[in-house]
Number of protein chains: 2
Amino acid sequence: MTAIEAQQRGVPKSELLRRHLLEMLNSGMVPHDKLSTERELAGAFSVSRLTVRRVLDRLEREGRVYRIQGAGTFVSEPRIAKSVELTSFSEDMRSRGLVPGSLFVEIERIPAGAEVGYALGISPAATVVHIRRVRTADAEPMCLENCYLPGHLVPEDMVLAPNDSLYAQLSGSYNVHLTRADQTIRVTVLSPADADALHVPPLSPAFRVERIGYDARGQAIEQAQSLYRGDRYSYELTILREAITTAP
Amino acid sequence: MTAIEAQQRGVPKSELLRRHLLEMLNSGMVPHDKLSTERELAGAFSVSRLTVRRVLDRLEREGRVYRIQGAGTFVSEPRIAKSVELTSFSEDMRSRGLVPGSLFVEIERIPAGAEVGYALGISPAATVVHIRRVRTADAEPMCLENCYLPGHLVPEDMVLAPNDSLYAQLSGSYNVHLTRADQTIRVTVLSPADADALHVPPLSPAFRVERIGYDARGQAIEQAQSLYRGDRYSYELTILREAITTAP
DNA sequence: CAGTGGTCTAGACCACGAG
DNA sequence: TCGTGGTCTAGACCACTGT
């Protein structure tokens, strides 16, 4: 085990250690292998034990390792599902081995209206950008998405690349970073028009997802309503029981 | 602000601080109120700043507070959805303001078979306990559940109380603690028989959930297949984007 | 019993936000 | 410029596991 390379510009030591451990986990270790002890890792990478623990805490939350007090830290069984993370449609599809794409159906600037205005925490009369897209995976429709963004976040002259992540474009041009989203997932059956857009028979079952995305300050950035084809899409998630909680 | 009471037997300081902060958040503070600084909290509760930070880290993950570097820590807007947590059906329903119940349809000891045996990581010939229940909310069917437990976890003479949480019963009688579960959520339409059991018309849309539950060591404890009525059930979840990640 | 992870302390310096 | 949260250190003691 070699000492970690010199700390790069602005990259925390914990992040370097995390990358190193991830590499170890992804190659050369099998489930239930024992990792070095926290004290050994601290010594080997010239960091404090607390730093090691913060990194292992996150890997544990992500389901990559498990820890047994008095025994050690061990590699987890690979899981079908990653821990729930906030990902864009594009990232989501790529992680499933599919090629994401988009077809613009509509893009317009309109008044928010009551529902969208309320969700975004702005005046119903304020302008929002409405983007309607059919999102594809391997060139076949997967999802019908209606996305609403506050107008002031999207300059009139901004050119939206349909295939790039909307988040990435906003994150790049502005200082807008999506950090949290509330989702409500329901089941529904598709109307004839929606079924047609998704290339499935009418009344096919589908996920209906409503999402409101927020930045670090809790400001709503995005409201989206999506319909996912039930025959192609599934949610896979790993959930954890947190440690001590006040009595249920 | 008063100093925290003397540490109780076995309860970590961080847990006492957490409870105190939760009480403050639940009564007397409104969204975007500023909390005391980490250093003030550390002083007021006679703990180190690191302990305060560990508590705030968790409250932040749970969506109760947000932090802005250089500015402070603030109360979050209340969310429709709690952060994803591993809860039993009973806990889930109670948190929605509904009264949970169960009807045993079937309970039997059978060989695991290929699929269940594989999911639980045991021999297909090993005995499993199969529990088939209709789970109710406010006395109306909500979910049809097929649950399989390794036979060695459930003694022959164990009496299962249909309305109590299965986890609580296992956790009490044995040292079996569910800490993680992998779920796959699909949409489907109900067969006539299932629709009848759930008191809905045939071909109604529904969630089909497959779950495998694990203990801290990664041993499978439970495999369950559930059908949730689409007209009554929805998933509400808050998802976070983790800090730095390796390039997507 | 020795060794592990779990909790905690009392500092330190840095990066960022606001006045 | 000053105060905030973000990162990190070098210790300490406790609770638990396994021999």
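Bear in mind that the values here come from a model prediction, so they are computed numbers and not experimental data. Computed from heavy atoms alone, side chains included, the values below leave out hydrogens, waters and symmetry copies. In the text below, chain A, chain B and the rest are named by the order of the sequence lines, each starting its count at 1.
- Following rounding to the nearest Å, A:R54 (CZ) and C:dC8 (C1') show an atom-to-atom distance of 15 Å.
- Remark: P of D:dT7 and CG of A:L16 are 13 Å apart, rounded to the nearest angstrom.
- With rounding to whole Å, A:Q69 atom CD is found 4 Å from D:dC16 atom C1'.
- Within the 4.0 Å cut-off from OP1 or OP2 of C:dG3, not a single side-chain nitrogen or oxygen of A:T37 is found.
- Comment: B:R180 does not engage A:E77 in a salt bridge, judged by the lack of any side-chain N to carboxylate O separation of less than 4.0 angstrom.
- Where A:T51 and B:G72 each meet DNA chain D at their nearest nucleotide, the meeting point lying more 5' is that of B:G72.
- Here the C1' atom of nucleotide D:dT4 and the NZ atom of B:K34 are 7 Å apart, to the nearest Å.
- A donor atom on one side chain and an acceptor atom on the other are not found under 3.5 Å apart for A:R64 and A:S76.
- For D:dG6, its base sits under 3.5 Å from the side chain of B:R49 at one donor and acceptor pair at least.
- Separating the CG atom of A:L50 from the P atom of D:dG11 is a distance of 15 Å, rounded to the nearest angstrom.
- Taking the six-membered ring for Trp and the full ring otherwise, the centers of B:H32 and B:F74 sit at least 6.0 Å from each other.
- Within the 4.0 angstrom heavy-atom criterion, no nucleotide atom of any strand lies near A:L56.
- Regarding A:K13, its NZ atom lies at a distance of 14 Å from the P atom of D:dT7, rounded to whole Å.
- If you check C:dT4, C:dC8, D:dC8 against the side chain of B:S14, the one that comes closest is C:dC8.
- Judged by distance alone, with hydrogens and angles left aside, B:R39 brings a side-chain donor or acceptor within reach of the base of D:dG5, the pair sitting under 3.5 Å.
- Side-chain proximity of A:S48 to D:dT9, D:dT17, C:dC8: nearest is D:dT9.
- Regarding B:F45, its CZ atom lies at a distance of 14 Å from the P atom of C:dC8, rounded to whole Å.
- Comparing C:dG5, C:dT7, D:dG5 by their closest approach to the side chain of A:E38 singles out C:dG5.
- With respect to the salt-bridge test (charged N to carboxylate O, under 4.0 angstrom), the residues B:R61 and B:D57 do not qualify.
- Candidate nucleotides D:dT7, C:dG6, C:dG17 were compared by shortest atom distance to the side chain of A:R67, and C:dG6 ranks first.
- We find that B:R49 and B:E40 are not joined by a salt bridge, their nearest charged nitrogen and carboxylate oxygen being 4.0 Å or further apart.
- When the C1' atom of D:dC8 is taken as reference, atom CD of A:E15 falls 15 Å away, rounded to whole Å.
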